[in-house]
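The block underneath contains the structure these notes are about, expressed in structure tokens.
Everything numeric in this text was worked out from a predicted model, so none of it was measured. Start at 1 with the first residue, then count along the sequence. Ligands are counted one by one from 1 in listed order, and the atoms in each one are counted from 1 as well.
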Amino acid sequence: MSKVLFVSGEGLPYCKSGGLADVIGSLPQSLCKQGEEAAVVLPMYKTIIEKFPKLKKLKTYHVQSGLISKDADLYYDKQGDVEYYFIRQDDYFYRDGLYGFHDDGERFAFFCKAVLDMLPHIKFKPDIIHTNDWHTGMIPIMCKQEYSDEAYHRIKHVYTIHNLLFQGNFPKELLRCFSLSDQYYKNGDIKFDDGISFMKAGIIYADEVTTVSEQYAREIVTSEYGERMERVLAEKGDRLKGIVNGIDVENWNPATDKALYKNYTENDIRGKKACKRSLQYQLGLRVADDVMLIGIVSRLTWQKGMLLLLEKLGQIMNQDVQLVILGTGDNYIENELKKIESTYPHRAVFYCGYNEELSHRVYAGCDLFLMPSLFEPCGISQLISMRYGTIPLVRETGGLKDTVTPYNQYEETGNGFSFRYFSGDEMMYIIAYAIHVYYEDKTAWRKLIRHAMNTDVSWDLSAKKYKEIYNSL
Ligand code: ADP
Ligand code: GLC
């Protein structure tokens, strides 16, 4: 049994910008069910202060990291078996939004140091610190090089890459926000181009590096997907592993989900049909059982294949389908999508924004879920859509390839549809095929729903794999 402290820039139920928050909200809980002890530490953003006003304040301590010299207030909460710690520093974190500020490097330099300085003040004494994505990438090197106390050197480090695109690369001057010797820049360990890279430091100094699917682990050591980090990653050898994400199957459960108009199960999907009608009604689509409803819930960026969607929107809408898109992101994509309601009245809607409740209703109410990503480390959305019997149509990349098995009409197998090359024509070909199956072979479609809903999207297996890594360390 190990004691694992998760460090992350976001985590449910407190704050979320994407799938990382889903993982931090559910993996630690699942590990605890399997006998580990887990705690989580997050920055205390404005949104957390507003939505969770009753968090308990434990103490204030001073944090010194290079030129940074500020107090941190430590807050505490517990959900299920997992303990949560929050580091409050309003100059850095009391803002609208989580990331994307000019001083992100300094903010997370402070956070990394504050996490390590927190350890003597809390009862939870971690064997493992499990860091995630660039925000926390400097922790292993700081823990190993900035502290003389033996207790710090006994800790082992696991670093998980959720998205290699965001590397936390900053000008060299940011080194002033760390108490690290210049040597680590000069020897190249944290140097990237002419600056420093949080993610590179995480990869090099963690004892084990993981990423969120086996396929993405294979992809990121190639120049096509490696985002110029492929050599550093390849050097990890078998200390780089892929472990596919799961989801919280209690929160995402069509049989009990309170956001749904009607609940349903794999054996009785009448409730799913009611959810579809109610979603159509709510969004101003023509209410009809017999038209295929295609859904998207996504950040609207090129990573998610939204440019393929824009390219083929006209052809998709030429078919007998309805379309609902819930998302927010790049201005260009948002502006293009804002036109669909007037172009295809009562057939297509775009809800521009972030809406948790509506997302549940889209996952439940649609027939097909579209996720044509250019790259996808794992993807949480296709897992949720399968759980709700909404058939994913994905590009075969990263975690989408690992989790979606394409429909095979001869063997009657599969839980979704997929296409290989990142091309609008290929995507369109498979969409047309899915539409054909939907209208022409109701039995096959019903079987697809059953297979999707029976797919194990829980953390059970993957949490075991993390446990093995912790124990091996
Ligand atoms: P990524 O983390 O790359 O954005 P994932 O598929 O791993 O992609 O996770 C996305 C998560 O964010 C899912 O839980 C999805 O339901 C949620 N999500 C994305 N966009 C929205 C939105 N506009 N409203 C509500 N939830 C959203
Ligand atoms: C990132 C990836 C996504 C993954 C999520 C959680 O946001 O883009 O594919 O599911 O992290 O690991």
Counting from 1, what ligand 2 atoms have a heavy atom of [X] closer than 4.0 Å?
X: I380; value: 10 (O)
X: V23; value: 6 (C), 12 (O)
X: L20; value: 5 (C), 6 (C)
X: G19; value: 5 (C), 6 (C)
X: Q303; value: 8 (O)

Cationic N near anionic O, under 4.0 Å, [X] to [Y]:
X: D330; Y: R299; result: no
X: K276; Y: D289; result: no
X: E376; Y: K304; result: yes

Say whether [X], considering both its backbone and side-chain N or O atoms, lies within less than 3.5 Å of an N or O atom on ligand 1.
X: G19; value: yes
X: W252; value: no
X: K16; value: yes
X: T328; value: no
X: L20; value: no

- Item | Distance-only N or O hit between ligand 2 and V212, under 3.5 Å | no
Please work out which of the three classes, parallel, tilted or perpendicular, describes the rings of [Y] and [X], given edges at 30° and 60°.
X: F108; Y: W134; answer: perpendicular
X: F93; Y: Y45; answer: perpendicular
X: Y363; Y: W252; answer: perpendicular

Within less than 4.0 angstrom of ligand 1, does [X] place any heavy atom?
X: A21; value: no
X: Y363; value: yes
X: K304; value: yes

Ligand-side contact atoms (ligand 1) for residue partner [X], heavy atom cut-off under 4.0 Å:
X: R299; answer: 1 (P), 3 (O), 4 (O)
X: G18; answer: 2 (O)
X: D22; answer: 11 (C), 13 (C), 14 (O)
X: G379; answer: 6 (O), 7 (O)
X: S298; answer: 20 (N)
X: G327; answer: 23 (N)
X: G353; answer: 22 (C), 23 (N)

- Query: Could R95 and F101 be counted as a cation-pi pair, given that NZ or CZ must be under 6.0 Å from the ring centre and within 45° of the axis?
  - Reply: yes
- Closest to atom 18 (N) of ligand 1 (judged by heavy-atom distance), picking from V212, L12, V297: V297
Quick one: do the [X] and [Y] side chains pair a donor with an acceptor below 3.5 Å?
X: Q322; Y: Q280; answer: yes
X: S197; Y: Q167; answer: no
X: Y407; Y: H451; answer: no
X: T343; Y: K339; answer: no
X: D189; Y: Y205; answer: yes

- Query: Side chain or backbone of N245 under 4.0 Å from ligand 2, or both, or neither, by non-hydrogen atoms?
  - Reply: side chain
- Message: Heavy-atom distances under 4.0 Å decide this one: backbone, side chain, both or neither, for N163 against ligand 2?
- Response: side chain
- Item | Y354 atom OH, over 12 foreign heavy atoms within 6.0 Å | yes
- Note on the structure: Here the gap from K258 atom NZ to N253 atom CG, rounded to the nearest 0.5 Å, amounts to 10.5 Å
- Rounded to the nearest 0.5 Å, how far does OG of S462 lie from NZ of K467? 13.5 Å
Check: [X] ring centre within less than 6.0 Å of [Y] ring centre:
X: Y429; Y: F419; value: no
X: F110; Y: Y92; value: yes
X: Y14; Y: F86; value: yes

For [atom], what's the nearest protein heavy-atom neighbour? Residue, atom name and distance, please.
atom: atom 4 (C) of ligand 2; value: G379 N, 3.6 Å
atom: atom 27 (C) of ligand 1; value: Y354 CE1, 3.4 Å
atom: atom 12 (O) of ligand 2; value: H162 ND1, 2.7 Å
atom: atom 5 (P) of ligand 1; value: I380 N, 3.4 Å
atom: atom 24 (N) of ligand 1; value: N355 N, 3.0 Å
atom: atom 9 (O) of ligand 2; value: E376 OE2, 2.5 Å

- Task: Answer side chain, backbone, both or neither: which part of S381 comes under 4.0 Å from ligand 1, heavy atoms only.
- Result: both
